[in-house]
Amino acid sequence: MGAADQEGLRLAGALIPYIGSTPTTRRLCVEIATLARRYQRIQVAKLNRFLTASERTIEPRLEDHIRALVASLPATDDGAITVSFDGDPRGSAVHVTVPNQPHAGNSLGLGGEFYVGGE
């Protein structure tokens, strides 16, 4: 099992109190984590150099794909789970947020905001 798989399963586990757990939610979380790691790598590259033409086209496609996957997750009692993107790769560039939960600012643990894809 790779790092993205492990991170995706941690995300799925962290979301259990909000949306429960099914094979579909676990698969979606693993896909989110896999794409988040790719997105993170592009953000790190952007910090260190100019992106290639290919990387510039991949970045918005990754964001769209991650948004679609997060939108596919079941809603909580308080509404849909959302995703936001932080271009600063120090930490994590992809934030999955559960509505009406305190933002703990940590990775996959406490509160309602979970950072995925960090190195």
Side-chain angles (χ1 to χ4, degrees):
M1 184 180 309
D5 293 335
Q6 292 174 3
E7 188 168 16
L9 293 176
R10 281 196 309 272
L11 174 61
L15 293 176
I16 287 173
Y18 309 106
I19 60 172
S21 178
T22 67
T24 300
T25 58
R26 289 189 298 275
R27 180 187 53 78
L28 287 169
C29 288
V30 167
E31 288 182 50
I32 290 165
T34 299
L35 295 176
R37 291 179 73 78
R38 289 182 65 197
Y39 185 82
Q40 179 81 12
R41 284 192 295 272
I42 287 177
Q43 299 310 306
V44 169
K46 189 190 290 188
L47 199 63
N48 294 309
R49 60 176 170 76
F50 291 106
L51 295 181
T52 65
S54 174
E55 289 168 328
R56 286 192 306 272
T57 61
I58 289 171
E59 182 181 18
R61 290 191 327 214
L62 283 171
E63 288 179 1
D64 290 344
H65 196 171
I66 293 168
R67 277 189 198 97
L69 290 170
V70 170
S72 299
L73 290 169
T76 70
D77 291 341
D78 294 320
I81 295 171
T82 59
V83 65
S84 61
F85 301 93
D86 179 1
D88 184 352
R90 294 171 291 187
S92 186
V94 178
H95 304 222
V96 176
T97 305
V98 176
N100 294 326
Q101 296 298 317
H103 298 301
N106 65 348
S107 179
L108 300 178
L110 306 172
E113 185 169 42
F114 308 103
Y115 300 165
V116 291
E119 297 295 316

Participant: Under the side-chain contact (heavy atoms from CB on, under 4.5 Å) rule, collect the residues that match up with Arg67, sequence neighbours excluded.
Facilitator: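 side-chain contact (heavy atoms from CB on, under 4.5 Å) check on Arg67 returns Glu63, Asp64, Val83, Phe85.
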Participant: Hey, which of Thr24, Leu28, Leu11 is the one that makes side chain to side chain contact (heavy atoms under 4.5 Å, CB included) with Leu73?
Facilitator: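 Going through the options one by one, the only one that passes is Leu28.
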Participant: To the closest 0.5 Å, what do you measure between OG (Ser72) and CD1 (Ile81)?
Facilitator: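 Ser72 atom OG to Ile81 atom CD1 measures 11.0 Å (nearest 0.5 Å).
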Participant: Could you go through Glu7 and Val30, starting from their C-alpha distance and side-chain angles, then the distance that decides it, and tell me whether this counts as side-chain contact (heavy atoms from CB on, under 4.5 Å)?
Facilitator: CA-CA 7 Å; Glu7 188 168 16; Val30 167; over 6 Å; no
Participant: Could you report the tightest heavy-atom contact between Leu51 and Ala45, atom names first, then the distance?
Facilitator: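 Looking at all heavy atoms of both residues, the closest pair is CD2-CB, 4.0 Å.
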Participant: The criterion is side-chain contact (heavy atoms from CB on, under 4.5 Å); which residues satisfy it with Pro74, sequence neighbours excluded?
Facilitator: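 Pro74 satisfies side-chain contact (heavy atoms from CB on, under 4.5 Å) with Ile19, Thr25 only.
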Participant: Going by the rule side chain to side chain donor-acceptor pair (under 3.5 Å), which residues pair with Ser21 if we only count those two or more places apart in sequence or in a different chain?
Facilitator: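 Expected list: Arg26.
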Participant: My understanding is that only residues two or more places apart in sequence, or in another chain, count here; which of them pass side chain to side chain donor-acceptor pair (under 3.5 Å) with Glu31?
Facilitator: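 Glu31: side chain to side chain donor-acceptor pair (under 3.5 Å) contacts with Arg27.
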Participant: Which distance, rounded to the nearest 0.5 Å, do you find between the OH of Tyr18 and the CG of Asp77?
Facilitator: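 Answer for the OH-CG pair, Tyr18 versus Asp77, is 12.0 Å.
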Participant: CG/Leu15 to CZ/Arg10 distance, rounded to the nearest 0.5 angstrom?
Facilitator: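 Nearest 0.5 Å value for the CG-CZ distance: 13.0 Å.
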Participant: Tell me the salt bridge (charged side-chain N to carboxylate O under 4.0 Å, His left out) pairs involving residues 15-25, sequence neighbours left out?
Facilitator: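 Every candidate salt bridge (charged side-chain N to carboxylate O under 4.0 Å, His left out) pair involving residues 15-25 fails, so no pair, neighbours aside, qualifies.
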Participant: I need the Ile42 CD1 to Arg37 CZ distance, nearest 0.5 Å.
Facilitator: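 Reported to 0.5 Å precision, the distance equals 14.0 Å.
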Participant: Using 0.5 Å steps for rounding, measure from the CD atom of Gln40 to the CG atom of Leu35.
Facilitator: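 Gln40 CD to Leu35 CG: 13.0 Å, rounded to 0.5 Å.
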Participant: How long is the gap from CZ on Arg61 to CD1 on Ile66, to the nearest 0.5 Å?
Facilitator: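 Between atom CZ of Arg61 and atom CD1 of Ile66 there are 12.5 Å.
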Participant: Got Thr82 and His95 here, is their nearest side-chain heavy-atom distance under 4.5 Å?
Facilitator: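 Not touching, per the 4.5 Å side-chain cut-off.
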Participant: Which pair of non-hydrogen atoms, one from Gly8 and one from Cys29, has the smallest distance, and what is that distance?
Facilitator: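 Between these two residues, the closest heavy atoms are O-CB, 3.2 Å.
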Participant: Considering non-hydrogen atoms only, spot the tightest contact between Thr57 and Pro60 and give its length.
Facilitator: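 Heavy-atom minimum between the residues: O-CD, 3.4 Å.
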Participant: For Arg49, which residues count as a side chain to side chain donor-acceptor pair (under 3.5 Å) partner, sequence neighbours excluded?
Facilitator: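 Scan of Arg49 (side chain to side chain donor-acceptor pair (under 3.5 Å), adjacent residues dropped) gives Glu55.
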